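Notes for the one structure printed next.
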Amino acid sequence: MSKHVKAEPVNNQGVAKDLIAGTMGGIAQVLVGQPFDIVKVRLQSSDVYKGGLDCAKRILKEEGPLAFYKGTAMPLVGIGACVSLQFAGLAACKNYFTASNVRSGKSNPQNLTPAQLYLSGAGGGILNSVVSGPVEHIRIRLQTQTKAAGSMYFNGPWDACKKIYATDGLRGIYFGQGSTLLREFHGYGCYFLCYELLVQRRMAKDHIERKDIPALDSLLYGALAGYGLWLGGAYPLDAIKSKIQTDGLPSQGDKRKYNGVLSCIRKTYAAQGLGGFFKGFIPTIIRSPFANGATFAAFEITLRMIS
């Protein structure tokens with residue numbers, strides 16, 4: 001007679017601890033990555049720059065050093081919630097697959113397959129998109145706005161939220177959510193697949209628990225996961241999202257370039273070829289190991305401190 005085995009939870013830190021650790025990871029990600037991110041978004045949404053270095057120089061010269069942190073207030077508030085949701089969604093999906101492996105009689109049910117890890121990360125990405133969609137939309141509007149005649153100008157994130165909601169309601173706040181979901185699903189599938197595979201490998205190799213992995217290694221694994229995110233095919237989806245979220249709002253039909261994801265893909269390819277989907281790629285790759293390494297290191301260190 002077979003003996004029932006209960007699956008151990010993958011993440012037993014609790015919702016409150018995940019929230020605190022995710023917040024710290026998100027803050028680290030924003031503070032480290034924001035200057036690179038604004039260069040990336042400017043390059044994705046405009047043709048006036050010759051490259052990342054030219055963009056950075058012009059921002060510094062024309063707008064001053066604080067311009068690299070334009071729109072930072074919104075991410076500092078929202079990215080902590082985003083990272084918490086990412087890890088909460090990841091843990092829930094991992095628990096589901098672990099329980100499934102137990103029912104299937106696998107000898108090491110917590111050692112998930114690459115497909116299971118990818119889908120777990122994708123689940124975290126979908127949950128994350130509930131917050132990341134509007135947070136990134138508002139941030140991108142602030143990062144790219146100018147005081148051009150006739151354009152809607154925002155004096156900070158809360159002013160942007162109020163003005164967009166007044167003209168377009170929740171649809172305006174969540175503008176570009178379809179492209180956000182595509183990026184989050186595939187991007188975080190690749191992201192957490194890389195990180196969790198490295199963690200599983202280390203635990204199996206050295207016969208240690210997750211909490212025993214050195215923080216420096218968590219930083220390295222996070223940096224590599226960041227490369228997995230962007231080199232795994234998420235960047236073109238991110239470029240499409242940025243183009244849509246800097247386009248005219250639903251109520252500004254006459255000012256809109258794109259009528260959705262497919263329209264954006266067709267028009268970008270027609271005007272710029274494949275290169276149009278990779279503008280800003282270099283600043284992103286430079287930013288990636290620092291921002292993502294800091295995210296995972298801060299998350300893991302905080303969990304250990306509050307456990």
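Just so we're clear, the structure is a prediction, and the values are computed from it rather than from any experiment. One is the number of the first residue; the rest follow in order along the sequence.
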With no hydrogens and no angle check, do the side chains of Gln252 and Asp247 hold a donor and an acceptor under 3.5 Å apart?
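Looking only at side-chain atoms, Asp247 and Gln252 do not form any donor-acceptor pair under 3.5 Å.
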Ignoring hydrogens and geometry beyond distance, is a side-chain donor-acceptor pair present between Ser132 and Glu184 at under 3.5 Å?
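Judged by distance alone, the side chains do pair up.
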Around atom [atom1] of [X], are there more than 12 heavy atoms of other residues, nucleotides or ligands at under 6.0 Å?
{"X": "Arg304", "atom1": "CZ", "result": "yes"}
{"X": "Phe154", "atom1": "CZ", "result": "yes"}
{"X": "Arg256", "atom1": "CZ", "result": "yes"}

With [X] via side-chain hydrogen bond (donor to acceptor under 3.5 Å, both in side chains) - residues at least two apart:
{"X": "Tyr49", "result": "Arg42"}
{"X": "Gln29", "result": "Thr295"}
{"X": "Asn101", "result": "Gln116"}

Is Glu300 paired with Lys211 through a side-chain N to carboxylate O contact shorter than 4.0 Å?
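Here Lys211 does not pair with Glu300 in a salt bridge, since their nearest N and O are not under 4.0 Å apart.
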Salt bridge (charged side-chain N to carboxylate O under 4.0 Å, His left out) partners for Asp159, two or more places apart
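Only Lys163 meet the salt bridge (charged side-chain N to carboxylate O under 4.0 Å, His left out) criterion with Asp159.
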Residues forming a salt bridge (charged side-chain N to carboxylate O under 4.0 Å, His left out) with Arg183, sequence neighbours excluded
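With sequence neighbours excluded, Arg183 shows a salt bridge (charged side-chain N to carboxylate O under 4.0 Å, His left out) to Glu136, Asp238, given in chain and number order.
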Donor-acceptor contact below 3.5 Å, side chain [X] vs main chain [Y]:
{"X": "Gln177", "Y": "Ser129", "answer": "yes"}
{"X": "Ser288", "Y": "Ile285", "answer": "no"}
{"X": "Gln200", "Y": "Leu112", "answer": "yes"}
{"X": "His137", "Y": "Ile173", "answer": "yes"}
{"X": "Asn95", "Y": "Ala91", "answer": "yes"}
{"X": "Tyr118", "Y": "Thr113", "answer": "no"}

Using the side chain to side chain contact (heavy atoms under 4.5 Å, CB included) rule, pick out the option among Leu142, Val135, Ile140 that qualifies with Ile138.
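Answer after filtering Leu142, Val135, Ile140: Leu142.
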Ring-plane angle category for Phe192 and Phe87, please: parallel below 30°, perpendicular beyond 60°, tilted otherwise.
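Correct class here is perpendicular.
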Ring-plane angle category for Tyr195 and Phe296, please: parallel below 30°, perpendicular beyond 60°, tilted otherwise.
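Tyr195 vs Phe296 ring planes: parallel.
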Indicate every side-chain donor-acceptor pair of residues 215-232 with a distance under 3.5 Å to a residue at least two apart or in another chain.
{"from": "Asp217", "atom 1": "OD2", "to": "Arg202", "atom 2": "NH1", "distance (Å)": "2.2"}
{"from": "Asp217", "atom 1": "OD2", "to": "Arg202", "atom 2": "NH2", "distance (Å)": "3.2"}
{"from": "Tyr221", "atom 1": "OH", "to": "Arg202", "atom 2": "NH1", "distance (Å)": "3.4"}

